**Q** 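Sharing a structure with you now.
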Amino acid sequence: MRKAVLILSATIWRCVLGLLIFCSASVSSISMAGADDAPLLAFGARVAGDDARTRVVIDFDRKPVFFVHYVANPTRVIVDLPETSFGLKPEDLKARGLFTKIRYGAMGAGSSRVVLTAKNPVAVTVADVMADEDGRGFRLVLDAEKVTGERFDALIEDQKWTGSVAAAKTGRVVEQDPGAFVVAVDAGHGGIDTGAIGTETKMEEKSVTLAFASELVAELNKEPGINAFLTREKDEFLSLPQRVQIARQRSANLFISLHADTLKQRDIRGATVYTISDKASDHLAANLAERENLSDEIAGVALQSEPAEVADILIDLTRRETQAFSVNLARSVVSSFEGQINLINNPHRHAGFRVLQAPDVPSILLEMGFLSNKQDEKLLVDPVWRKKLASRLTAAVRSYRAGSVTNGG
């Protein structure tokens, strides 16, 4: 009897042990599956070298699949990755040696990118992934060296890469209410392109613009007959042409691009409304347009060659009627802000902004304020002020809409 009990007990324990092992394996399998679906984690990096050779190392939690290519004018090495969370300190990827700037971030559609800008032509001689000896993960190793202009040109030619960002976002066509007044709200910057950085709060412009854009869309959608949407709904990169294309594909009646830049003159503050023009209204507008138009370059997008007659961006690309409507919208915004929202001197200005190029969509770029000014910066991160700004901007759209209907627009 006792022997039978012992045998039964041993059998039960074997069953229990087997069940525990099975459950453990199952949990482990589920855990690994979840890890595979999660973004890669870049948890460390370092850069070393001189103006002849430079090594870049990035540590990942899992083995990354990557693709290296080149872009000219300026010289850039592009490293495309799957979706990646960059848990790096600012000093980890501080540019040195051959590289003058190193940027990294999301590119949308489950992808991320590292952009290494070089002062001279370079070539990557080693691009490899190695397992860490301590089993913590994998490291991506890139060795670059200075090369002649002829060799770099050959690298560009050999890769046969057009420089076009995948236009997954621009392929979406959403059915609209035929009678709706559609407003595209564009949160400037995003993903790898952080935009300006706050002087005091260190808040990134891409976060400031998205927070306000979401507030504005919610406010606009309270208006009867208005259908507002975001060109980007999260921290992702969209090229300037993609932003324009999204607005056009969704038959937008208005396009409002939101920004919060920085200036060397930190005493300048207040909102500014910009419309497109072949000539800038002043040096401030020209300099701002030049910086904003660099967004694609920052993300490593090669600018496509254009016919000479449109190479400047400009008024020839935009129908005169559309430009006139854009000016009317700008005036409505300035009028709505007066006495309510602080405005810069001469608040309606114009320059050659690439993001305002839609030939059939009246468009403005709104600088909500300057992150380089302490007073403006405090307001830009204040939810109460953002709500007030959204209310005044909605009133401007309402006024513009009423005027365009009256005038047959």
Side-chain angles (χ1 to χ4, degrees), residues 40-61 63-82 84-107 111-134 136-159 161 163 189 191-197 202 204 237 262 290-291 294-303:
L40 287 169
L41 172 63
F43 59 85
R46 47 220 170 269
V47 183
D50 52 31
D51 58 2
R53 294 180 179 82
T54 303
R55 168 168 286 192
V56 178
V57 179
I58 306 176
D59 299 312
F60 293 90
D61 63 333
K63 188 174 183 178
V65 176
F66 68 97
F67 175 58
V68 175
H69 51 91
Y70 304 90
V71 179
N73 302 318
T75 300
R76 284 156 291 166
V77 177
I78 311 297
V79 183
D80 281 323
L81 296 160
T84 303
S85 295
F86 290 92
L88 305 177
K89 299 176 182 177
E91 61 269 21
D92 286 351
L93 272 180
K94 184 177 181 180
R96 56 172 55 88
L98 290 169
F99 301 113
T100 57
K101 292 181 182 176
I102 300 178
R103 298 177 183 269
Y104 51 87
M107 288 294 290
S111 64
S112 296
R113 173 173 285 186
V114 178
V115 180
L116 305 110
T117 303
K119 61 183 79 173
N120 295 302
V122 298
V124 174
T125 56
V126 173
D128 200 5
V129 174
M130 306 175 185
D132 285 343
E133 292 78 5
D134 58 7
R136 292 182 61 202
F138 293 82
R139 61 184 183 274
L140 170 63
V141 179
L142 301 171
D143 283 346
E145 66 179 31
K146 184 177 178 180
V147 297
T148 64
E150 290 77 9
R151 183 177 171 191
F152 184 77
D153 291 342
L155 290 171
I156 293 284
E157 179 64 23
D158 288 345
Q159 68 189 5
W161 186 70
H189 307 280
I192 193 171
D193 177 17
T194 59
I197 306 293
K202 305 304 178 185
E204 295 173 334
F237 174 80
T262 57
E290 183 178 2
R291 290 199 303 275
L294 286 175
S295 176
D296 289 357
E297 180 183 305
I298 286 170
V301 178
L303 300 181

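Here the structure is a predicted model, which means the values were calculated and not measured. We're numbering straight along the sequence, starting at 1. Note: hydrogens, waters and symmetry copies are ignored here, and every other heavy atom, side chains too, is used.
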**Q** For side chain to side chain contact (heavy atoms under 4.5 Å, CB included), just list the numbers for Glu204 and Ile197, CA-CA rounded to whole Å, side-chain angles, deciding distance to a tenth of an Å, and then say yes or no.
**A** CA-CA 5 Å; Glu204 295 173 334; Ile197 306 293; 3.6 Å; yes
**Q** Does any part of the side chain of Asn120, heavy atoms only, come nearer than 4.5 Å to the side chain of Phe152, both counted from C-beta?
**A** no
**Q** Determine, step by step, whether Met107 and Ile192 satisfy the side chain to side chain contact (heavy atoms under 4.5 Å, CB included) criterion, reporting the C-alpha distance in whole Å, the side-chain angles of both residues, the deciding distance to 0.1 Å, and the verdict.
**A** CA-CA 7 Å; Met107 288 294 290; Ile192 193 171; 3.7 Å; yes
**Q** If you compare all heavy atoms of Ser112 against all heavy atoms of Ala106, which two are closest, and at what distance to 0.1 Å?
**A**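 The answer is OG-CA, 3.9 Å.
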**Q** Between Tyr70 (side chain) and Val124 (backbone), is there a donor-acceptor pair under 3.5 Å?
**A**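 Indeed, once roles are kept as given, a pair shorter than 3.5 Å links the two residues.
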**Q** Who passes side-chain contact (heavy atoms from CB on, under 4.5 Å) against Lys89, sequence neighbours left out?
**A** Glu91, Asp92
**Q** Can you tell me how far CZ of Arg113 sits from CZ of Arg103, rounded to the nearest 0.5 angstrom?
**A** 13.5 Å
**Q** Could you measure the distance from the CG atom of Asp158 to the CG atom of Asp153? Nearest 0.5 Å is fine.
**A** 11.0 Å
**Q** Pick from Val115, Thr117, Thr54: which one makes a side-chain contact (heavy atoms from CB on, under 4.5 Å) with Phe99?
**A** Thr54
**Q** Can you name the closest pair of heavy atoms from Leu88 and Ala42 and give their distance?
**A** CD2-O, 3.4 Å
**Q** With sequence neighbours left out, what residues match Phe86 under ring-ring contact (aromatic ring centres under 6.0 Å, His included)?
**A**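 Listed in chain order: Tyr104.
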**Q** Would you name the heavy atoms of Val57 and Val141 that are closest together and state the gap between them?
**A** CG2-CG2, 4.3 Å
**Q** Please report the interatomic distance CG(Leu142) to CZ(Arg55), rounded to the nearest 0.5 Å.
**A** 9.5 Å
**Q** Enter the distance from Arg151:CZ to Lys146:NZ here, rounded to the nearest 0.5 Å.
**A**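 Spacing of CZ (Arg151) from NZ (Lys146) equals 13.5 Å.
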**Q** Take Asp132 and Arg139 through the test salt bridge (charged side-chain N to carboxylate O under 4.0 Å, His left out) and record every step on the way to the result.
**A** CA-CA 7 Å; Asp132 285 343; Arg139 61 184 183 274; 3.1 Å; yes
**Q** Atom OG1 in Thr194, atom NE2 in His189: separation rounded to 0.5 Å?
**A** 8.0 Å
**Q** Which heavy-atom pair separates Val65 from Pro82 by the least distance, and what is that distance?
**A**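 Where Val65 meets Pro82 most closely, the heavy atoms are O-CD, 3.0 Å.
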**Q** Checking Val114 against Ile102 for the side chain to side chain contact (heavy atoms under 4.5 Å, CB included) test, could you report, in this order, the C-alpha distance in whole Å, the side-chain angles of both residues, the deciding distance, and whether it holds?
**A** CA-CA 7 Å; Val114 178; Ile102 300 178; 4.2 Å; yes
**Q** Measuring from Thr125:OG1 to Arg53:CZ, what's the distance to the nearest 0.5 Å?
**A**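 One finds 8.0 Å between OG1 of Thr125 and CZ of Arg53.
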**Q** Do you know the tightest heavy-atom contact between Ala52 and Leu98?
**A**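 Shortest heavy-atom contact: O-CD1, 3.8 Å.
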**Q** Suppose we screen for side chain to side chain donor-acceptor pair (under 3.5 Å). Which residues come up paired with Glu290, at least two apart in sequence or across chains?
**A**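 Once residues adjacent in sequence are excluded, Glu290 has no partner under the side chain to side chain donor-acceptor pair (under 3.5 Å) criterion.
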**Q** What's the shortest heavy-atom distance between Ala127 and Phe66, and which atoms?
**A**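 Residues Ala127 and Phe66, closest heavy atoms: O-CZ, 3.7 Å.
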**Q** Is there side-chain contact between Pro64 and Val129, with heavy atoms separated by less than 4.5 Å?
**A**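 The answer is yes, as the side chains (C-beta and beyond) meet within the 4.5 Å cut-off.
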**Q** Salt-bridge test for Asp59 and Arg46: reply yes if a basic N is under 4.0 Å from a carboxylate O, no otherwise.
**A** yes
**Q** Run the numbers on Leu116 and Val122 for side chain to side chain contact (heavy atoms under 4.5 Å, CB included), then give the verdict.
**A** CA-CA 10 Å; Leu116 305 110; Val122 298; over 6 Å; no
